[in-house]
Amino acid sequence: MIRVQNLHFTYPGNEVETIKGIDFEVAPGEVFGFLGPNGAGKSTIQKILIGILKQFRGSVRVQNTEMRSAGSAFYEKIGVAFEQPNLYSKFTALENLRFFSTLYRHATADPLELLAAVGLESEAQTRVAAFSKGMKMRLNFCRALLNHPDVLFFDEPTAGLDPVNLQKIKALILAQKKHGRTICITTHDMHVADSLCDRIAFIVDGKIALIDSPRALKLQFGARRVRIDFAENGTLQHAIFELDQLGHNQKFLEILRHKQIETMHTQEATLEDIFIQTTGRKLA
Amino acid sequence: MIRKMIALSLADLKNISRESTLLLVLFAPLALLLFLRFALPQLSGIVQAQFDIDLREYDLFIFAFMSLIPSLLFGMVSGFIMLDERDEDIIAFIAVTPLQKSGYFLYKLLSLTAVVFAFFFVLTGQAGLVQLPLLSSVVLASLIALEAPIGALFLAAFAENKVEGLALSKALGVMYVGPFVAFLVDSNWQFTAGLFPPFWIAKAFQHAVQLDLTFFLYAAIGLLVHLVAIGLLFRRFAQDQR
Amino acid sequence: MRLLNILRYDALFQWRHRFYHAYFLLTILYVLALQHLDGAAARMAATLFLLSDTAPLGFFFIGGLILLEKGQRLHDGLFVTPLTVLEYLLSKVLSLSFVALLSALAILLAAFGGIQNAALFVPGFILSSAFYTLFGVLFAVHARHVNDYFAKALLAGLLLCVPVVGLFGIADHALFLLFPTKATILLIQLAFGEVNTGQQIYAFAAISLWLIAAGWAAYRGLWQHIILKVGTQ
């Protein structure tokens, strides 16, 4: 689906490479996340993948198109939504979608159905100027789905959203995954990466520092332990146990049986911990 | 209030110099001055030869019309600053600072009016086209200065964004047929153009040299028309802001 | 097909932003003014109106149009679809030339009762109008604000206007032939049947060359300043 080999990229006029030789593959139907601080090269990689930047070295193939020669036909197959919505504010939601659908050759999705899917069906005739940021982001999301794309690219899809809209967008992305679409997400929000992505790549200084599934990473970098906080004689106590053979750990079982448990947490690492541990940098 | 306004002025000046808008604002009146002083006499000769029209008979009209141009230009420039800022939500930002929206617009409109007022004296002094009594000049400069906020408010009140502002600025230009009608149409039908504020300035111009009662009559009507126009536009504008 | 679609929406956009209304008003105004003049004076005034306002209609609006699209980040949405840069430019140029042409035809028909050489005037006027729009694109891609656009574009535009002094008979010079404005003046005067065959050939050749040059530069400018920045914060 996506295959990148030995990719190098330097912005015109710059001496230092922005992308310093990266390789990765994204399988069909996979949700792949690029995680990294601002300026690490996430957006540059995405701009290469969507055919905006073409003066790169190495090989980049998306849907069997060599990106150096990607033209109109390539854009029939992909959908892109950037962090900032891009819509005509003087046109209604429906007019915006109708307009963008006319740019595609192939049969496009029904704008009204798309609007319904993101909960904007009652706002179809409202001008975008009157929309909130969350509504604009959802409409922008519809825009990216108009052409039934095989591959979807989302740039910071949740930036600046309130918790309600954040959940809505996340659900929408997961629904697209169910349809079997390949999805690339760039983000510096590790919670988003954690909850949405099958695999993530840590991008630091134009290189991939680490690439794996969030689950595997958390287990690999975390401790296989559980911490229990419980009340004893009116004070809060805690105890830590190895996960292995936990069912046979008498002390653990005793606490379970006789103490009043307040909280219980496994000690796997968060993506943020792992990021700091492997790159020596903070995410945001 | 005053201190805050000075702070805003400085920010504006910085903006202007960085954005080459200053070039436009300074260059255009300068070009106007040069035209009146050097090109017009040349042009008069040619028009006389080619079409047998003596432009010197129209000196007062030409000067009246030209002296209105800076107000149109400055009005448009500040109208577009407001629209650009609205498109970028800067007005919303300033509204939450202590200065408040009304203070912000008062500042914009006052500074605009002051600049246009001052420029009129440069023009009368340097163009060498007509000699006006000082009192006439002061009255006319005041009226012309009030013209600028009309343009700015017209754009800010009726245009939703800068592109619509551009279309409306074309319509705004239509207002300036007022002086043409005042000078070139002889019948009483000319007073239908009194709906356009510049018409009354032009009428006052016709009596500015004599400085007679009619001058003050037209000036008074002009003042009234301008204030009413500004008031209506400001109300409409304030409604939009809510 | 894609071009037709985006053209339709560009026209709708311009209608919604009252381009047509504004030029309807101006057209009436020009016609009224022209009725007070006669003969050579009317023809010269009409040439001036068409040259200074109607033909460069696109030049006047393109700065605001591109800036507004920039502000609404529409380029991010447009250039990740099959739409090409060429189609985008063509649509802008044709939709704006259309308004200009409508206004020009209305002025000429209403004020003079007819147009001579209409079969030549129409394409000539469209070429001229297209040139000024593309010339504006060169400045629009750099501009940050409408005033910023006008400051730079008008100054450059004034330079192009040097041959206008020839129109008034103040001075004429062979070098004026190098200016696109000279070609435009002749292409407008076609409507009055005042242009000989040699001048016609010159005017069409010159405006075509200028159009190609401006088109190439506008295309490059758009790539460098808009497309490469797609998705940039």
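Computed from a prediction, not measured in an experiment: that's the story for all the values here. Below, chains carry the letters A, B, ... as their sequence lines are ordered, and counting in each starts from 1.
Contact annotation for residues 99-106 of chain C against chain B (heavy-atom separation below 4.5 Å): no residues qualify.
For B:Phe61, the CZ atom is densely surrounded, since the number of other residues' heavy atoms within 6.0 Å is greater than 12. Heavy-atom contacts from other residues, nucleotides or ligands closer than 6.0 Å to CZ of C:Phe24 number 12 or fewer. Within 6.0 Å of atom CZ in C:Phe98, 12 or fewer heavy atoms from other residues, nucleotides or ligands are found, so the atom counts as exposed in its surroundings.
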Practice item. For the pair C:Phe19 and B:Val163, evaluate side-chain contact (heavy atoms from CB on, under 4.5 Å) and give the outcome as yes or no after the intermediate values. Key: CA-CA 9 Å; C:Phe19 287 24; B:Val163 173; 3.3 Å; yes

Practice item. Please report the C-alpha distance between B:Leu83 and C:Val146 in whole Å, then the side-chain angles of each, then the deciding distance to 0.1 Å, and finally whether the side-chain contact (heavy atoms from CB on, under 4.5 Å) criterion is met. Key: CA-CA 9 Å; B:Leu83 286 177; C:Val146 173; over 6 Å; no

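Looking at heavy atoms from C-beta onward, C:Phe150 lies out of side-chain contact with B:Met76 at the 4.5 angstrom threshold. Residues B:Leu166 and C:His17 form no side-chain contact, since every pair of their non-hydrogen atoms from C-beta on lies 4.5 Å or further apart.
Contacts of C:Leu65 with chain B are made by both backbone and side-chain atoms, with heavy-atom separations under 4.5 Å. Neither the backbone nor the side chain of C:Tyr20 comes within contact range of chain B; no heavy atom of the residue lies under 4.5 Å from a heavy atom of that chain. For C:Leu67, the parts sitting under 4.5 Å from any heavy atom of chain B are the backbone and the side chain alike. The part of C:Leu154 that comes within reach of chain B is its side chain, from C-beta onward, which places non-hydrogen atoms under 4.5 angstrom from that chain.
Ion pair C:Arg144/B:Asp84 not flagged as a salt bridge, since none of the NZ, NE, NH1 or NH2 atoms sits closer than 4.0 Å to an Asp/Glu carboxylate oxygen.
Here the closest heavy-atom approach between residue C:Ala22 and residue B:Ala167 is recorded as CB-O, 3.3 Å. The heavy-atom pair separating B:Phe158 from C:Arg18 by the smallest distance is O-NH2, 3.4 Å. When all heavy atoms of B:Glu164 and C:Arg16 are compared, the closest pair comes out as OE2-O, 3.7 Å.
To the nearest 0.5 Å, atoms NZ (B:Lys170) and CG (C:Leu29) are separated by 11.5 Å. Between the CG atom in B:Asn161 and the CD atom in C:Gln72 there is a gap of 6.5 Å [rounded to 0.5 Å].
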